[in-house]
Each structure stands twice: as structure tokens, then as C-alpha cells.
Protein chains: 2
Amino acid sequence: MLQLQDLPDTKILNKFAHRYPDANIEHVLHFLTLLRVGSDLSDVLDRFLTGYGLLQGRWWVLILLMREQDLMSTPSSLAEKAGVSRATMTGLIDGLDKEGLIMRVTDVNDRRKLQIKLTSTGQAKLDEVMPEYYRRVSELMSVLSSEQSESLISSLTKLQNNSDVFK
Amino acid sequence: MLQLQDLPDTKILNKFAHRYPDANIEHVLHFLTLLRVGSDLSDVLDRFLTGYGLLQGRWWVLILLMREQDLMSTPSSLAEKAGVSRATMTGLIDGLDKEGLIMRVTDVNDRRKLQIKLTSTGQAKLDEVMPEYYRRVSELMSVLSSEQSESLISSLTKLQNNSDVFK
DNA sequence: ACTTATTAGTTAGCTAGCTAATTAGTTTGC
DNA sequence: GCAAACTAATTAGCTAGCTAACTAATAAGT
């Protein structure tokens, strides 16, 4: 996602407000701030994961596999849980496969299916990343009091539930 | 950005908490919620823009150009303001050029430089999109009271300022 | 003035997302 | 029991981001 570095100043907002009189400047600034903080945090997470040779997409796949009792799942199921298309999941699995973090196992009962299994290398990678990830998330979030956090989540949820105004 | 559809449930969190005892479950859930709402809203905006043949990257470029007095700027300056690499900006400009929404004009004083100019077609495209965009942003944000908005922005700013814990 | 450093833009090759089309295997319905 | 419908995964080709390397032009230093 693109992050607009240069949020508009008053002069610019006035130019736009003149041409587009229905604009609610406050609302727009708040909206842009939310998009930007989300994208900044996502970038920061990506940079953190890059230090371990991972990126968000591949990392989520490893986590989803670790959630499973037998450390296995199918590409379709992973795609659905991760919220990406099956085509994208094929690509993520390709990358993880090349690095030996997962393996493809063909399903004996239904030969259309694959089982994707977390390898011990993959588990070791998670064991390396996760403690540090949790430590940093805690440190990040601890600038908010629990009241502030609750209020933040409540506002975010309201916005998310209202997001179909854009459809 | 990938959006994890399947936020972890208690059973899963316990499995992870057992293996990684330092995890602060609350903090992680809040962090993931923030990432996900940001990415959802970004997607919703993309889908809206797709209806006009645009996407966020290209749309921001048009807006940045419209901000300029003479509707012109250089690729480097646009890249910096948009927060993308110059290579990415080259790609965005290629796309906009093909559709006639901007034009490349070589600088007579410094022949390394280009000026990118919003065409009248580009301005017309913005005039088509912006009023509806502003209307929908207002509608989206109006679910929050002004106190809630202020609190949201304040919390987001705190998190953003604290995001270097990840570096 | 001429070498060196800097700046501007592009290109190449990578990741990661998408849709649409394809291939292969399984189910269903008559 | 075979054709049609469906499901699973992949492939192809697109957008949009990145870094690194390259070309060309200008600026700076001696």
C-alpha cells in the first residue's frame, strides 16, 4: 500500500475545498491518517521479518500451519484463512518450499489435494522469530493505556463495520 | 498487504502462549486488528477507485499534481511526496501516460529532468472521482463522534511515534 | 579544464497481490 | 456408467511495491 508522506496543508485543502465544496476536511485528514499509520506499521513489520528472511505473506502461512494440530493444511484452506486468492497462495508456498520451510505432500484420498506441512526447519524459523515479535508488539502497544486500547479497537471496529459505504 | 481473516481464538492463543510464554495476547490481538482494519479500508478504497479505472498509486499521483500551482512536478518530487521509490514512480507515470491522464515534458534547463503535467483528461478524471470520494469518506467517518475521532487519531499517532521499537 | 561526485530517470529482476483460464481429479444426476 | 458440474491447484499476465545497477547530464574540486 502506498503511504502518502505529504498530508495536505491548509492552503492545499482550501484549493480542493473550493473545487470540491462537499469535502469534509477533518474527516479526510482522519481517514488518511488511519490509512497511513496502518501502512507504516505494516512496513515496519515487514522490515522486521526481512531480518529473518521472511515477509508477511510467507510468515502468516507458517503461523497458520503451526496452528494446526498436525502442522498440516491444504492450499485452499490456507488461502481462505489468510484472505488471499489460491493463486497467491501457490506463489507463497512455492517460496516457502524452495527454502525448505514447508513441504508439499500429495493427498492419497483425493489426488487433487495437497497437504502442506510445516517442516522442522519451518518450526525452527518460527521459534526464532516469534519471541522477538511478541516482545516488540508488547513494547509497541504499551504506549497506550488499556482504556485507550479499548477505545481504539472499538473505533476501528465501528469503521470496519461501516466500510460498505464505499461499495 | 495480506489480511489475516482468521484472527486466533483462545485455544490457538494458548498453544502459542505455551510455546512462547512472553506473548501478551491482548497486545497481539489489538495490533492485528489495527493492521487488518487499515488493510481492509485500503482495499475498499482500491475497489472504489477501480470503478473509475484507477488504483491508489496512480490516483495519488493525480492528486499530487493537482496540488501544484501549475499542475506540474518532477518524478523525483512526486516519488518523495508519495513515499515510493523513484523506480515505482516511473511505473506509475508510465501507466498514467498510456491513459493520457498526464504528460511527460522534458525540462529545457536541466535535461536530466522531466516535468510531469496533469492533462485536462486527468483533471476531468479527478473531477469525476473526488466529489464521490469525499462523500463516502464523510459517510464512513461519521460513525465516530468528534471525541472518538480525536481519541483515535491521538492513539494512532502515539503508536506511529513508537513504531521504531520494531527497528 | 578535466576528473570525480552527484542527481534524474529508467531498466532489470525480485516479492506479493489480483483475475481469468487451464489441467486434473471427483461427484452428481439422469 | 457416462456427461456435466464442481473442486483443487497451477499458470499466465496484470498492477504495484522494492533494491541495485545503469545511462545521461550537471555540479564541484583541484
* To do: If a protein heavy atom is under 4.0 Å from the base, mark B; if only from the sugar-phosphate, S; if neither, -; do that for nucleotides 5-15 of chain D going 5' to 3'.
  => --BBBBB---S
* **Atom pair distance, as rounded to whole Å: CG in A:Asp46 and P in D:dA16** => 19 Å
* To do: Starting from C1' on D:dG17, measure out to CG on B:Asp43 and report it in whole angstrom.
  => 15 Å
* Whole angstrom value for the distance that separates P of C:dC18 from CG of B:Leu45 -> 17 Å
* Asked: Once you round it to whole Å, what is the distance between P of D:dG17 and CD of A:Gln56?
  -> 16 Å
* Kindly state each residue pair satisfying salt bridge (charged side-chain N to carboxylate O under 4.0 Å, His left out) with at least one member in residues 16-31 of chain A, sequence neighbours excluded. => A:Arg19-B:Asp127
* Asked: CD of B:Glu80 versus P of C:dG9: gap in Å, rounded?
  -> 12 Å
Report, one line per pair, each donor and acceptor closer than 3.5 Å where one atom sits in a side chain of residues 136-144 of chain A; sequence neighbours left out.
| from | atom 1 | to | atom 2 | distance (Å) |
| --- | --- | --- | --- | --- |
| A:Arg136 | NE | A:Glu132 | OE2 | 2.9 |
| A:Arg136 | NH1 | B:Val165 | O | 3.4 |
| A:Arg136 | NH1 | B:Phe166 | O | 3.0 |
| A:Arg136 | NH1 | B:Lys167 | O | 3.2 |
| A:Arg136 | NH2 | A:Glu132 | OE2 | 3.1 |
| A:Ser138 | OG | A:Tyr134 | O | 3.4 |
| A:Glu139 | OE1 | A:Arg135 | NH1 | 3.1 |
| A:Ser142 | OG | A:Ser138 | O | 3.4 |
| A:Ser142 | OG | A:Glu139 | O | 2.8 |

* Does any donor atom in the side chain of A:Gln115 or A:Ser73 lie under 3.5 Å from an acceptor atom in the other side chain? -> no
* C:dA16 P sits how many Å from A:Arg47 CZ, rounded? -> 16 Å
* To do: Measure the distance from CZ on B:Arg111 to C1' on D:dA27 and round it to the nearest whole Å.
  => 15 Å
* Does a nitrogen or oxygen in the side chain of A:Ser85 sit under 4.0 Å from OP1 or OP2 of C:dC18? -> yes
Donor-acceptor contacts under 3.5 Å from residues 150-158 of chain B side chains, at least two apart:
| from | atom 1 | to | atom 2 | distance (Å) |
| --- | --- | --- | --- | --- |
| B:Ser151 | OG | A:Ser151 | OG | 3.2 |
| B:Ser155 | OG | B:Ser151 | O | 3.2 |
| B:Thr157 | OG1 | B:Ile153 | O | 2.7 |

* Distance, rounded to the nearest Å, where B:Asn109 contributes CG and D:dA27 contributes C1' -> 15 Å
* To do: Could you note down all residue pairs passing salt bridge (charged side-chain N to carboxylate O under 4.0 Å, His left out) where residues 100-109 of chain B supplies at least one of them, sequence neighbours left out?
  => B:Asp94-B:Arg104, B:Asp97-B:Arg104
* Those residues that, when tested against B:Glu128, pass side chain to side chain donor-acceptor pair (under 3.5 Å) (two or more places apart) -> none
